[in-house]
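Here is the structure we will look at.
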Amino acid sequence: MDAQEILKIAVKAIDSKKGEDIQVIGITDLTVLADYFVIATGTNSTQVSAIADEVEFKLGEAGIKPHHIEGEKTPWVCLDFNSVVVHIFYKEQRQFYQLERLWEDGTKIDITKYLEG
């Protein structure tokens with residue numbers, strides 16, 4: 001499965017659990033860490049966990065397992081699917097770490113194409 005398909009499943013999963021301010025940043029030209037970062041906000045610990053669980057479940061249904069998961073049950077969960085890394089934050093942690101600013105040289109991707117159909 002290519003990165004675009006992983007992005008579509010992940011973004012839809014985040015949206016289905018009412019994740020807020022979903023951002024996708026293309027970082028292929030900036031690092032070897034991944035091709036894309038997906039960044040989203042949950043309003044509380046239950047929602048952050050539910051979003052992370054849903055992303056993992058939906059990608060698992062498609063045969064994609066995370067390479068690594070960091071921060072389960074914390075204010076910042078990171079799911080590493082190799083080419084796509086999904087970050088789910090509490091609002092305060094997202095504002096503090098400002099990943100969008102750190103990776104501002106990346107390409108901002110319009111997510112509407114992932115939410116359609």
Side-chain angles (χ1 to χ4, degrees):
M1 180 174 289
D2 72 8
Q4 292 299 311
E5 293 173 90
I6 293 170
L7 283 172
K8 183 174 186 173
I9 293 168
V11 168
K12 279 187 164 193
I14 294 166
D15 186 62
S16 76
K17 294 298 180 184
K18 308 295 187 225
E20 298 177 356
D21 194 16
I22 305 168
Q23 302 285 319
V24 175
I25 303 171
I27 58 171
T28 303
D29 297 333
L30 303 176
T31 184
V32 297
L33 294 174
D35 295 329
Y36 298 95
F37 279 167
V38 179
I39 305 168
T41 302
T43 57
N44 57 51
S45 61
T46 302
Q47 186 185 26
V48 167
S49 291
I51 293 168
D53 290 347
E54 186 71 1
V55 170
E56 185 178 4
F57 174 74
K58 290 297 186 181
L59 282 166
E61 283 187 325
I64 304 297
K65 300 290 183 201
H67 169 68
H68 185 73
I69 299 174
E70 190 70 41
E72 291 178 282
K73 311 292 184 216
T74 66
W76 177 5
V77 178
C78 178
L79 301 122
D80 181 351
F81 294 96
N82 293 319
S83 61
V84 176
V85 178
V86 179
H87 300 272
I88 306 159
F89 289 95
Y90 286 11
K91 187 174 187 174
E92 296 79 21
Q93 275 68 28
R94 185 169 179 177
Q95 290 171 344
F96 179 79
Y97 289 104
Q98 297 182 26
L99 288 188
E100 295 95 333
R101 187 183 61 75
L102 291 173
W103 294 96
E104 67 187 352
D105 291 339
T107 305
K108 289 201 173 209
I109 309 296
D110 181 6
I111 67 166
T112 56
K113 64 183 176 185
Y114 301 123
L115 295 173
E116 297 170 348

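Just so you know, these numbers come straight off a predicted model, no measurement behind them. All residue numbers in this chain count up from 1 along the given sequence.
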Next on the checklist: Working note: Gln4 + Lys8, criterion side-chain contact (heavy atoms from CB on, under 4.5 Å); need CA distance, chi angles, decisive distance, verdict.
Outcome noted: CA-CA 6 Å; Gln4 292 299 311; Lys8 183 174 186 173; over 6 Å; no
Item to check | Intermediate values then yes/no, side-chain contact (heavy atoms from CB on, under 4.5 Å), Ile14 and Val38 | outcome: CA-CA 10 Å; Ile14 294 166; Val38 179; 3.6 Å; yes
Next on the checklist: Checking Trp103 against Ile39 for the side-chain contact (heavy atoms from CB on, under 4.5 Å) test, could you report, in this order, the C-alpha distance in whole Å, the side-chain angles of both residues, the deciding distance, and whether it holds?
Outcome noted: CA-CA 11 Å; Trp103 294 96; Ile39 305 168; over 6 Å; no
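Using a 4.5 Å cut-off between side-chain heavy atoms of Ile, Leu, Val, Met, Phe, Trp and Tyr, with links allowed through other members, Ile25 and Ile111 fall into different hydrophobic clusters. The cluster map of Ile, Leu, Val, Met, Phe, Trp and Tyr, joined by side-chain heavy atoms under 4.5 Å apart, puts Val48 and Val85 in different clusters. Using a 4.5 Å cut-off between side-chain heavy atoms of Ile, Leu, Val, Met, Phe, Trp and Tyr, with links allowed through other members, Ile51 and Val77 fall into the same hydrophobic cluster. Linking Ile, Leu, Val, Met, Phe, Trp and Tyr whenever their side-chain heavy atoms come within less than 4.5 Å leaves Val84 and Leu33 in two separate clusters. In the hydrophobic cluster analysis, where Ile, Leu, Val, Met, Phe, Trp and Tyr join through side-chain heavy atoms closer than 4.5 angstrom, Val86 is grouped together with Ile109.
Applying the salt bridge (Lys or Arg N to Asp or Glu O under 4.0 Å) definition to pairs two or more places apart or across chains, those involving residues 90-104 are Asp21-Arg94, Arg94-Glu100.
Taking the side chain as every heavy atom from C-beta outward, Val11 and Val24 approach each other to under 4.5 Å. Residues Leu79 and Ile88 have side chains in contact (heavy-atom distance under 4.5 Å, counting atoms from C-beta outward). Using a 4.5 Å heavy-atom cutoff, the side chains of Tyr36 and Ile6 are not in contact. Between Leu102 and Leu99, some side-chain heavy-atom pair lies under the 4.5 Å cut-off. A 4.5 Å side-chain heavy-atom check between Ile22 and Tyr114 finds every atom pair outside the cut-off.
For the pair Lys17 and Ala50, the tightest heavy-atom approach, listed with the atom from each and the gap, is CG-O, 4.0 Å. When all heavy atoms are compared, the tightest approach of Ala34 to Ile27 is O-CG1, 3.4 Å. Between Ala13 and Ser16, the closest heavy-atom pair is O-OG, 2.8 Å.
Note that CG of Leu30 is 6.0 Å distant from CG of Asp105, once rounded to the nearest 0.5 Å.
Residues meeting the side-chain contact (heavy atoms from CB on, under 4.5 Å) test with Lys18, sequence neighbours left out: Gln47. A search for side-chain contact (heavy atoms from CB on, under 4.5 Å) contacts involving Glu70 returns His68, Cys78, not counting sequence neighbours.
Between Trp76 and His87, the two ring planes are tilted [angle within 30° to 60°].
With a 6.0 Å radius and a threshold of 12 heavy atoms from other residues, nucleotides or ligands, Asp29 has its CG atom at or below the threshold.
Residue Ile64 is tested with Glu5, Glu56, Lys58, Met1 for a side-chain contact (heavy atoms from CB on, under 4.5 Å); the sole match is Met1.
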